[in-house]
Visitor: 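Below: one structure in structure tokens.
One is the number of the first residue; the rest follow in order along the sequence.
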Amino acid sequence: MRKILTLLFVLVALAGQAKEKTIVWEELAVGYSPNPQFMITKVEFSKEKTTLYAVYQNPPDGWFRISKESYLQSDGKTYAIVGSDSIALDEECYTNEDTWTREFVLYFKPLPLDTKEFDFLEGTTLNDFKVFNIHEESYTMPVTPVPDEYKADYAEEDVLAEMKYSDEPATIHFKAMNYRKGMNTEVQVQYVDLKNPAAPVDVKVRLDDNGEATLHLPICFPQPVYPSLFNIPWASTCGLYLAPGKEVTVLIDMLHDDSEANSKFVGFKGYFAKFDKEWYALRVEVEEEQEKEKDKFPKWKEIHDVSTLMDAFDTELAYNVDILKRFSCSKTLMDYMVSLWHIPPVFLKNFVPDSLLSSKEFTDYILQHFTKDLYSPTATFSYGFVRGSKYYVMLDARGINADLARYCYYLPQVLDGKDVPKPLIEDKNLSDLYDKYVEEYKRSVASNKEKVTGNEHIHYLDMKEVAPDKVLSTILDRYKGKTVLIDIWATWCGPCRVAIDQMKPMKQELEGKDIVYIYMTSSTSEFDTWKELIPDIHGEHYYLTEEQLNHILQQYGEQAYPTYAIYNRKGERTYLTTGFPGVEAMKKELEKATK
């Protein structure tokens, strides 16, 4: 009898231990999620429930809500939500004002303890929170084989396409494996549009319920384009070489393990498929080697004379070519990669004194060594080509490449309000396009001015009215004898708009102190969006050209949004900062300036 009782006690103890057993996933990976603000940080499994520890990141004025209809799914089964901590289900929740985060816990009916991967869904509509294929970081997800037709182990084209104008669009087809209802995946593709070559276009397309989509791009010339699929925690990007009238199909694996970036674009077929497959992978490998050997590369900020600058370019180019030769690739791909390094290096303006960059000795060096694209029939038309066009126009060259360079150099200046004469463009197609877009710009300016006429607090300036170096003084002169807060913002800048909202109570508190609030933005903000937002922002509003606003930022020694400047009644600047310092700090500085 005693033995039986002992056995019963043991069985009860074991049962209790089994009941209390908890499996914890501390380090997580995610197959795909379209919601970067919402993240699951830890998972606990027990026989009673499955617990998800989550965090939501967003500015405090943006609320979120977790539906009481949320559920987990695994192996075709669903597991309903049963409770929460730190938030109430189906109610508006807000993030912490200081940290911009909100941590909370969600409880669900128990998943099997041997679960390897599962999904979290509020629902399957576009705005629902969803996280697919949650699993332990140490777990290797099963790999779906890439169909042979997408392996691109063949080359349909041996050489890059010639630079010839065509209005026939290029076509990209996207096809996703492992696509699940509710993913609502959006693919973004960046390319250069001749409507404004200085501003690369980001066009988006959403995959349909079958995980497919098609884009037709008006690229006009052969060029590289860059599809991106944004995900938690990485963004997957690839590169495609496209030409007008050509088609390529890109295969995406939605649940490919995203333990590292650029993992979801897994196959290509069609135009230049083999090139596309090898190019971006090679580029990543080369960049990794460059990072390992970065100590051998020039320190641009330490260069203070022209001869050292030119030697640095020669050294870096030699290092890059040497690194490239370590990898096996076709001659076409090798030539293409090297050509990218021979585009004029205008990025240096952020590191090297302008006096060196604009010197005749350096300019001559660039024209001799970094303008090869201008004479190549298979030149790479890209954003790099556009940025390098400032050097290309210095050469007395003829032909389609030279026409395109002049087009890319002068048209953006017109679109930014400069009164420049039409350059020599011998190609009739490009010449007609130039005239068309200039005329569209003029009509747009006239229309925008008409839209803001009649409101004394809304000001629309262009280069014909005020020169860039006179804009700031012209604006400040209008408010002599008053305390002025200048807020440089953009409609697309989230922190800018959050700060504007947070300062509204402060402006009410300081009412009667003769403070003028001046809000400046530029043509990088879409005009109609700007016009819709400003009625709710009390103050004086200036819509400037990009060059005008950049000149003001340069005067302040800043290049970021938002930037704030405060002036006292004497017109003296008393405060300058980039990034919102907080309401109390801003209020303190304004009160100091009013004294």
Side-chain angles (χ1 to χ4, degrees), residues 163-170 189-203 217-225 242-244 343-344 346-347 349 366-367 371 373-374 376 379-449 460-465 467-468 522-527 543-551:
M163 290 279 279
K164 292 181 179 179
Y165 174 90
S166 172
D167 59 6
E168 190 176 0
V189 179
Q190 185 179 89
Y191 70 100
V192 178
D193 193 324
L194 290 180
K195 287 184 178 180
N196 185 359
V201 173
D202 289 317
V203 61
L217 303 182
I219 62 174
C220 297
F221 288 91
Q223 64 169 279
V225 303
L242 283 183
I343 292 174
V346 294
F347 71 90
K349 66 181 181 180
I366 292 297
L367 294 177
T371 54
D373 267 353
L374 198 59
S376 170
T380 300
F381 179 53
S382 63
Y383 185 45
F385 181 97
V386 175
R387 290 182 301 171
S389 62
K390 60 179 281 188
Y391 290 102
Y392 295 143
V393 298
M394 298 179 186
L395 300 170
D396 186 21
R398 307 292 278 268
I400 187 65
N401 295 18
D403 284 340
L404 184 57
R406 286 187 282 268
Y407 179 104
C408 291
Y409 180 68
Y410 285 101
L411 181 62
Q413 296 183 60
V414 174
L415 301 183
D416 197 36
K418 290 184 179 178
D419 189 9
V420 298
K422 182 179 178 178
L424 172 66
I425 301 177
E426 295 178 310
D427 182 86
K428 187 178 186 306
N429 292 311
L430 277 179
S431 180
D432 289 347
L433 269 188
Y434 188 96
D435 293 339
K436 173 186 175 182
Y437 294 139
V438 168
E439 186 58 34
E440 285 183 2
Y441 166 75
K442 290 179 179 178
R443 288 198 299 268
S444 174
V445 169
S447 174
N448 289 344
K449 286 186 176 181
Y460 185 96
L461 301 181
D462 65 29
M463 291 303 298
K464 295 177 182 177
E465 295 177 0
S522 77
S523 50
T524 64
S525 293
E526 205 278 328
F527 181 84
Y543 190 82
L544 309 176
T545 68
E546 190 173 354
E547 184 178 11
Q548 285 174 321
L549 193 61
N550 285 342
H551 199 282

Visitor: For the side chain of Asn429 and the backbone of Tyr165, is there at least one donor-acceptor N/O pair under 3.5 Å apart?
Guide: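 It does not hold such a pair.
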Visitor: Report yes if the side chains of Phe221 and Leu430 come closer than 4.5 Å at any heavy-atom pair, otherwise no.
Guide: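 A side-chain contact under 4.5 Å exists here.
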Visitor: Indicate yes or no: at least one non-hydrogen side-chain atom of Tyr407 is less than 4.5 angstrom from one of Ser389.
Guide: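 In short, these two side chains do not touch, never coming nearer than 4.5 Å.
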Visitor: What's the shortest heavy-atom distance between Leu415 and Tyr441, and which atoms?
Guide: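 Looks like O-CE1, 3.4 Å.
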Visitor: Begin with the C-alpha distance, continue with both residues' side-chain angles, and end with the deciding distance and a verdict on side-chain contact (heavy atoms from CB on, under 4.5 Å) for Leu404 and Leu194.
Guide: CA-CA 10 Å; Leu404 184 57; Leu194 290 180; 4.0 Å; yes
Visitor: Taking the side chain as everything from C-beta on, heavy atoms only, tell me whether Val414 gets closer than 4.5 Å to Tyr434.
Guide: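 In short, these two side chains touch, coming nearer than 4.5 Å.
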Visitor: Look at the side chain of Asp427 and the backbone N and O of Ile400, then say whether any donor-acceptor pair between them is shorter than 3.5 Å.
Guide: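 Flag not set: sc Asp427 to bb Ile400 has no pair under 3.5 Å.
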Visitor: How long is the span from the CD atom in Glu440 to the OG atom in Ser447, to the nearest 0.5 Å?
Guide: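 OG of Ser447 is found 12.5 Å from CD of Glu440.
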Visitor: Would you say Lys422 and Ser431 are linked by a side-chain donor-acceptor pair, where the criterion is simply a distance under 3.5 Å?
Guide: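 The criterion, which ignores hydrogens and geometry beyond distance, is satisfied for Lys422 and Ser431.
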Visitor: Looking at Lys436 and Asp432, does any basic side-chain N land under 4.0 Å from a carboxylate oxygen?
Guide: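 Salt bridge: no.
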Visitor: Compare all side-chain heavy atoms of Asn401 with those of Phe381 and state whether any distance is below 4.5 angstrom.
Guide: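 Result no, sub-4.5 Å side-chain heavy-atom pair not found.
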Visitor: Would you please test Val445 and Tyr460 for side-chain contact (heavy atoms from CB on, under 4.5 Å) and show each step?
Guide: CA-CA 9 Å; Val445 169; Tyr460 185 96; 4.2 Å; yes
Visitor: To the nearest 0.5 Å, tell me how far Glu168 CD sits from Ile219 CD1.
Guide: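 Going from CD on Glu168 over to CD1 on Ile219, the span is 10.5 Å.
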Visitor: Can you name the closest pair of heavy atoms from Ile343 and Gly384 and give their distance?
Guide: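 Smallest interatomic distance, heavy atoms only, reads CG2-O, 3.0 Å.
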Visitor: Start with the C-alpha distance between Leu411 and Val438, add both sets of side-chain angles, then the distance that settles side-chain contact (heavy atoms from CB on, under 4.5 Å), and finish with yes or no.
Guide: CA-CA 7 Å; Leu411 181 62; Val438 168; 3.8 Å; yes
Visitor: Heavy-atom distance under 4.5 Å between the side chains of Pro197 and Phe385, does that happen here?
Guide: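 No. Closest side-chain heavy atoms not under 4.5 Å.
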Visitor: Between Tyr543 and Phe527, is the ring pair (Phe, Tyr, Trp, His ring centres under 6.0 Å) condition met? List the steps.
Guide: CA-CA 8 Å; Tyr543 190 82; Phe527 181 84; 5.1 Å; yes
Visitor: Determine the minimum heavy-atom distance between Ala405 and Leu374, stating which atoms define it.
Guide: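 Scanning both residues, the minimum pair turns out to be CB-CD1, 4.2 Å.
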Visitor: Side chains of Pro244 and Asp167: closer than 4.5 Å at any heavy-atom pair?
Guide: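 In short, these two side chains do not touch, never coming nearer than 4.5 Å.
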Visitor: Tell me if a side-chain donor or acceptor on Thr371 pairs with a main-chain N or O of Leu367 at a distance below 3.5 Å.
Guide: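 Answer holds: yes.
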Visitor: For the pair Arg398 and Leu424, evaluate side-chain contact (heavy atoms from CB on, under 4.5 Å) and give the outcome as yes or no after the intermediate values.
Guide: CA-CA 9 Å; Arg398 307 292 278 268; Leu424 172 66; 3.9 Å; yes
Visitor: Hey, is the main chain of Glu426 close enough, under 3.5 Å, to the side chain of Asp403 for a donor-acceptor pair?
Guide: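 Side chain of Asp403 to backbone of Glu426, a donor-acceptor pair under 3.5 Å: yes, one is there.
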Visitor: I need the Met163 CE to Thr380 OG1 distance, nearest 0.5 Å.
Guide: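 Separation between the atoms: 8.0 Å.
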Visitor: Looking at every non-hydrogen atom in both residues, tell me the closest pair between Arg406 and Leu395 and how far apart they are.
Guide: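 What the structure gives for the nearest pair is NH1-O, 4.4 Å.
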Visitor: Looking only at heavy atoms, which two atoms of Thr524 and Glu546 are closest? And how far apart?
Guide: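 Reported closest heavy-atom pair: CG2-CD, 3.6 Å.
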